[in-house]
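Only this structure's heavy atoms are used, side chains among them; waters, hydrogens and symmetry mates stay out. Here is how names work: the chains are called A, B, and so on, in the same order as the sequence lines, proteins then strands, and each is numbered from 1.
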Number of protein chains: 2
Amino acid sequence: MKIENSQPGNKIAVLADDMERHGKERDAPVREVMGLLGDRWSTLILLVLATGTWRHAELRRMLGQLSAEQAISQRVLTLKLRTLERDGFVARTASAEVPPKVSYELTPLGSELQGEARRLIDWINARASAIHHAREGFDRSED
Amino acid sequence: MKIENSQPGNKIAVLADDMERHGKERDAPVREVMGLLGDRWSTLILLVLATGTWRHAELRRMLGQLSAEQAISQRVLTLKLRTLERDGFVARTASAEVPPKVSYELTPLGSELQGEARRLIDWINARASAIHHAREGFDRSED
DNA sequence: CCGCATCCTAGGCGATACTG
DNA sequence: CAGTATCGCCTAGGATGCGG
């Protein structure tokens, strides 16, 4: 894992395994999952579902409160939940009645992912002031 | 950190600190940094820069090789590098000559972030088959 | 060699209205 | 209550050309 920085040739060799992981985006879900965490709502959904089982509408209201600036649209919540379900992070339980009763909760796999996401969030929060400071310095020398 | 799942009221109380972190997106760089890692190129740039110092063009060629499906455009590479620089993850060194010589490398903060990103990538890769399996099952019952 | 300006397209997301 | 369909906006990001 130690890396010497000299010839480009070496660098290419060193990064070969990363290419292995990143190059074949087709089969590797790395980009998709990273994209999940980076999008507007999915991480927040994971955090809320970490507290238990939620109905669709209740979850929607909760997300609106947490993010506050603006509520998630019904359509997008359904989309996000479907994506999370497809990847095995969320379990969906429905009764085909009218009105429907649908519940969502984390799977064990989703719970793991939530833990990983939370670690990243914690790291970012811990470095928030450093980042903020860097931005101020950068922006000041930009004008 | 232990969470009981019963009344919505409890859930709301439990999530109060998450609201603290997520609700005020204006000052909190959490979403922005998460977005960084989720976007098309930034994580890959961090991985490459973890190997040392790179010139713009060289870096561009390297990224093209790693991601292969399609090279990063010159414009976007400049944009991404600027964002990373603004947040204090990347240091830029330039000589105002013609032709210019510009070099990029990770800051200590950027190096940390790269480590975090790599942990996430490793986790995803470790669970890749589980995710893949979940998707297959989901897609099969969708038709 | 590097950055910027311009143009263009695909996709994420919100709003609304409608069904079972 | 949950999901779907349609619309329209806005941003990420690719292509190209110029200028220092």
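- Counting only N and O atoms by type, the side chains of A:R60 and A:S73 include no donor and acceptor under 3.5 Å apart.
- The nearest whole Å value for the distance from the CG atom in A:L81 to the C1' atom in D:dT4 is 15 Å.
- Counting to the nearest Å, the P atom of C:dG14 and the CG atom of A:L63 are 11 Å from each other.
- If you check every strand for non-hydrogen atoms under 4.0 Å, A:R60 touches nothing.
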Nucleotides 8-20 of chain D: protein proximity per nucleotide (B base, S sugar-phosphate only, - neither; heavy atom, under 4.0 Å): -----BBB-B--B
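- At least one side-chain nitrogen or oxygen of B:Y104 sits closer than 4.0 Å to the OP1 or OP2 atom of C:dG3.
- A donor-acceptor pair under 3.5 Å is formed between the side chain of A:T107 and the backbone N or O of A:F89.
- Side-chain N or O atoms of A:S42 include none that pairs as donor or acceptor with a backbone N or O of A:D39 at under 3.5 Å.
- A 4.5 Å side-chain heavy-atom check between A:E32 and B:R135 finds at least one atom pair inside the cut-off.
- Counting non-hydrogen atoms under 4.0 angstrom, A:R92 reaches the backbone sugars and phosphates but no base.
- Under 4.0 Å is where a charged nitrogen must lie from a carboxylate oxygen, and between A:R119 and A:E116 at least one such pair does.
- Of the candidates A:R92, A:K101, A:Q74, A:Q74 is the only one forming a side chain to side chain contact (heavy atoms under 4.5 Å, CB included) with A:H56.
- Mapped onto DNA chain C by nearest heavy atom, B:R61 and B:R82 fall at different nucleotides, with B:R61 at the one closer to the 5' end.
- To the nearest angstrom, P of C:dG12 lies 15 Å from CZ of B:R31.
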